[in-house]
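Data first, discussion second: the structure below is written as structure tokens.
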Amino acid sequence: MELIVSEKYNAAERIAGILSKDSATREQVSGVTVFKWGGTYCMGLAGHVVEVDFPDEYNEWGSVSPASLIDAEVTKRASKPDIVAALNTLASEADRVVIATDYDREGELIGKEAYDLVRAVNDSAPVDRVRFSSLTGPEVRNAFEDPDEIDFDLAAAGEARQRIDLRWGASLTRFLTLASNQRGDGFVSVGRVQTPTLKLLVDREREIENFDPDDYWEIYADLGRTDEDDSFEAQYFYLNDQENEAERLWDEDAATAVYGDVDDASEATVERVDDRTRTDNPPIPFNTTEFIKAANAIGYDAKPAMNVAEDLYDDGYVTYPRTDNTVYPDDLDPRALLETLSEASPFEADAEALLDQESISPTAGETETTDHPPIHPTEDVPKKKALKGREWEIYELIVRRFFATLADAATWRKLRVDVDVAGHSLKANGSRLVKPGYHAVYPYYDTEETTIPAVTEGDALQIVESRLDEKQTRPPNRYGQSKLVEKMESLGLGTKSTRHNTIEKLYDRDYVTGNPPEPTELARKVVSATEEYGAHVASAEMTAQLEDDMTAIADGGTTLDEVTRSSREMLEDVFEDLQGARDEIGELLRTEIDESDSVGDCPECGEPLLPRQANSGSRFVGCNGYPDCEFTLPLPNKGRPHVLDELCDDHGLHHVKMIAGSKTFVFGCPRCQQRDAADTDDRVIGDCPECHASEGGELAIKRVHSGSRLVGCTRYPDCDYSLPLPRDGELEVTDDVCDDHDLPAVVIHQEDSSPWQLGCPICNYENYKS
DNA sequence: GCAAGGTC
């Protein structure tokens with residue numbers, strides 16, 4: 001039996017289809033769907049199915065020093081047990097195995113991991129490697145006709161990255177977390193990619209804060225021939241020391257002097273008219289970064305944009321969305337694809353217009369890779385109704401980008417008019433789109449025109465109005481998500497598959513808030529601490545050096561052991577500095593965490609109250625003075641607590657929100673909640689329909705630990721009969737008793753709305769269910 | 001409870 005192993009399910013399906021001429025059938029092996037034809041099985045992995053980790057005895061953060069991770073053994077364990085089990089089952093029976101993972105470094109490593117799993121159960125079957133850069137018939141058949149071997153050096157390069165990232169990330173994260181006394185999920189996370197990315201944001205924020213604005217002046221005049229309708233705006237300019245044109249005047253006296261002359265004048269003379277055309281070339285094909293950039297421009301954040309693209313890929317409508325490639329492969333036939341799209345609404349007209357062009361020659365970017373093509377639509381075109389609104393919007397963007405890369409260039413007419421006013425020069429620029437070219441099929445760019453009337457040299461124009469604008473230089477903008485992705489790419493931080501996830505991680509770790517992402521106090525402190533004591537991990541240089549080392553390993557110039565050894569020596573040096581400054585670092589991180597996360601002051605000792613998590617997992621608000629002060633307040637266990645700005649009038653404490661995806665809710669003031677929970681304590685309203693007859697259980701209104709309310713049996717947990725109640729609003733139990741269930745009607749009084757007649761809790765629940 | 005990289 002022969003076994004083919006690919007990187008993912010979709011690729012396995014395609015390979016099986018191509019090699020079996022669509023005769024392959026599906027089969028379940030250890031709960032995994034695989035493909036079978038003749039004597040061949042083909043299965044897909046899910047990327048890495050094993051992951052690096054330290055042995056179990058290193059799991060205990062409290063009893064193992066972070067520095068001991070520097071020399072700890074790094075092992076591999078199955079992270080996708082069912083897929084590993086399926087691979088084991090098939091590999092043990094195989095006479096030959098073919099590794100068909102993606103054609104890139106990480107694919108080589110994933111293939112080598114599969115090889116190791118195969119060898120563990122089968123030491124004799126030959127293991128070949130095939131490489132193809134697109135999942136098309138000719139490419140795939142060619143690769144299988146001429147198989148190659150696994151490149152163990154290339155895989156070792158990937159393994160070096162895994163080990164170095166784990167050792168640096170885990171040891172430093174534990175060190176900073178323990179030094180700052182963080183518990184629960186409030187850990188202080190550090191890594192080769194996330195920390196330099198965070199530093200980009202923090203550095204920019206520092207620039208913005210330290211920015212010292214300068215005053216400057218600009219002078220404008222509205223010029224016209226006969227009436228104001230015809231007027232256009234011209235701006236004063238001069239040649240500076242470097243003989244370049246400049247518009248900004250830095251000296252107020254000079255500005256006022258020039259403005260005085262312009263304001264006094266009544267006429268301008270046209271000195272020069274420059275009329276030229278400019279070619280506006282169509283954009284390059286979508287790689288992941290270009291796609292995220294374009295999706296950003298129509299309102300999608302990086303991660304949601306990728307999620308939608310991945311869904312479209314899974315449905316077969318677009319090609320693989322994680323790619324660095326900006327050059328269409330030779331086997332893509334744009335004309336054939338256009339013809340398919342020309343039969344699909346609403347693309348008919350645009351596709352046909354492109355087919356009518358004299359020639360169809362796609363644009364190309366600078367990066368050409370071997371793993372996947374640029375993102376483009378497939379031959380399988382969905383109907384608009386078959387997609388959700390967001391999916392269609394992204395799908396249309398991808399289709400139109402494909403169109404744009406095949407379309408002709410646009411042409412702009414650029415008109416520049418220079419005039420003289422009292423010996424000063426002013427200029428006006430007009431632009432008109434004379435040939436829309438690719439803009440006709442790709443309407444996402446700004447094509448606003450500025451018209452200026454036709455004037456000729458020597459014309460005299462009236463000065464309708466003039467202005468002296470006082471302005472100030474402005475700090476740079478924060479990085480938006482797409483700018484950040486671009487910046488990460490240019491620095492080599494992360495990969496096409498991870499950059500959007502890294503940004504998401506910064507939000508999860510409370511390092512950034514808002515959009516564009518703004519670094520929090522904690523983020524600044526973490527960056528400061530790592531810059532000072534663990535410099536290497538805060539700098540993009542670490543990645544650059546790792547890339548060089550990986551290239552050397554792949555080329556055989558050095559070895560995995562050599563590279564990881566010298567990396568460990570560096571990490572040891574970092575830890576020598578860190579250990580000496582442990583208290584300082586702890587103090588630095590702790591004070592800031594207190595300020596940004598504090599619920600308020602402890603009523604018993606005045607220290608800050610902080611959201612905490614006990615070792616049991618239960619959440620509470622605890623006093624920073626612990627163990628000297630043991631004051632606590634309960635919190636729900638569902639979700640992560642987030643301290644809001646809003647303050648409680650009664651207790652002066654901040655309201656707390658519990659972040660739990662779609663179940664996110666505002667818990668409110670923890671002290672009020674504790675008081676209300678005590679007030680509503682088990683008000684009995686009737687008999688339990690489940691167990692009153694046999695055990696005497698009664699129904700009572702309860703507020704449970706999570707903060708929500710319910711009607712439940714007093715014999716809980718022996719009887720778990722319960723009925724839901726709304727979380728918010730004051731509860732009134734009326735004298736109105738339900739004939740069917742012998743329970744009183746309940747009314748909910750909410751602020752800003754009329755009372756909600758809930759009625760008998762059982763009737764209410766039955767209505768709600770139906 | 002740690003990283004980054006795959007993919008779902």
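Everything numeric in this text was worked out from a predicted model, so none of it was measured. So you know, we letter chains A, B, ... as the sequences are listed, proteins then strands, and number each from 1.
- For the pair A:Asp561 and A:Arg565, the salt-bridge criterion is not met [side-chain N within less than 4.0 Å of a carboxylate O].
- Computed from coordinates, the A:Leu176 CG to B:dA3 P distance equals 11 Å when rounded to whole Å.
- Between A:Ser189 and B:dC2 there is no side-chain polar atom (N or O) within less than 4.0 angstrom of OP1 or OP2.
- Of the candidate nucleotides B:dA3, B:dA4, B:dC8, B:dC8 has the atom lying nearest to any side-chain atom of A:Lys8.
- Within the nucleic acid shown, A:Arg174 comes within 4.0 Å of at least one base atom, counting heavy atoms only.
- Side-chain contact of A:Glu584 with A:Tyr533: a donor-acceptor pair under 3.5 Å is present, judged by distance alone.
- In this entry the distance linking CD1 of A:Ile110 with P of B:dG5 reads 12 Å, nearest Å.
- No salt bridge links A:Asp311 with A:Arg390; every basic N to acidic carboxylate O contact stays at or beyond 4.0 Å.
- Dashed line: the shortest gap from a side-chain N or O of A:Ser171 to OP1 or OP2 of B:dC2 is not under 4.0 Å.
- Residue contacts for A:Asp53: at a heavy-atom cut-off of 4.0 Å it reaches a base atom on one of the strands shown.
- Rounded to whole Å, atom P of B:dT7 lies 10 Å from atom NE2 of A:His500.
- With 3.5 Å as the limit, one finds no donor-acceptor pair spanning the side chains of A:Thr33 and A:Glu27.
- Taking the charged nitrogens against the carboxylate oxygens, A:Lys8 and A:Asp314 have no contact shorter than 4.0 Å, which rules out a salt bridge.
- Side chains of A:Ser189 and A:Gln194: a donor-acceptor N/O pair is present below 3.5 angstrom, by distance only.
- Between A:Arg167 and B:dA4, a side-chain N or O to OP1/OP2 separation shorter than 4.0 Å is absent.
- Each of A:Asn59 and A:His372 lies near DNA chain B, and the nucleotide nearest A:Asn59 is the one positioned closer to the 5' end.
- Nucleotides of DNA chain B nearest to A:Leu69 and A:Lys496 differ in position, and the one nearer the 5' end is that of A:Leu69.
- Rounded to whole angstrom, the span from the NZ atom of A:Lys112 across to the P atom of B:dG6 amounts to 18 Å.
- The separation between A:Glu547 atom CD and B:dA4 atom P is 14 Å, rounded to whole Å.
- Of the candidates B:dG6, B:dC8, B:dA3, the closest approach to any side-chain atom of A:Lys505 belongs to B:dA3.
- Residue ring and nucleobase are stacked for A:Trp61 and B:dG1, with a centre distance beneath 5.5 angstrom and an angle between planes beneath 30°.
- The CZ-P distance, from A:Arg568 to B:dA3, rounds to 20 Å in whole Å.
- In this model, the phosphate group of B:dT7 is approached by a side-chain N or O of A:Ser497 to a distance below 4.0 Å at OP1 or OP2.
- Between A:Arg322 atom CZ and B:dA4 atom P there is a gap of 17 Å when expressed in whole angstrom units.
- Less than 4.0 Å separates DNA chain B from at least one heavy atom of each of the following residues of residues 147-165 of chain A: A:Arg161, A:Gln162, A:Asp165.
- Taking only side-chain atoms of A:Glu51, from C-beta outward, the nucleotide of B:dG1, B:dC8, B:dA4 with the closest atom is B:dA4.
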### Message
Set out, in order, the CA-CA distance, both residues' side-chain angles and the distance that settles side-chain contact (heavy atoms from CB on, under 4.5 Å) for A:Glu73 and A:Phe54, then state yes or no.
### Response
CA-CA 6 Å; A:Glu73 188 194 353; A:Phe54 300 110; over 6 Å; no
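- Considering only side-chain atoms of A:Phe54, the nucleotide from B:dC8, B:dC2, B:dG5 that sits closest is B:dC2.
- Nucleic acid contact for A:Val52: base, since at least one base atom lies under 4.0 Å from a heavy atom of the residue.
- Candidate nucleotides B:dA3, B:dG6, B:dC8 were compared by shortest atom distance to the side chain of A:Asp314, and B:dC8 ranks first.
- B:dG6 atom P lies 17 Å from atom OH of A:Tyr103, rounded to whole Å.
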### Message
Pair A:Tyr300, A:Glu393 - check side-chain hydrogen bond (donor to acceptor under 3.5 Å, both in side chains), show working.
### Response
CA-CA 10 Å; A:Tyr300 289 83; A:Glu393 217 177 358; 2.6 Å; yes
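- When heavy atoms are screened at a 4.0 angstrom cut-off, A:Phe175 is found touching no nucleic acid atom at all.
- Between the side chains of A:Asp371 and A:Thr369, at least one donor-acceptor pair of N or O atoms lies under 3.5 Å.
- Put simply, A:Thr495 has no side-chain N or O that comes within less than 4.0 Å of OP1 or OP2 on B:dA4.
- Closest to the side chain of A:Tyr320, from the set B:dG5, B:dG6, B:dC2, is B:dG6.
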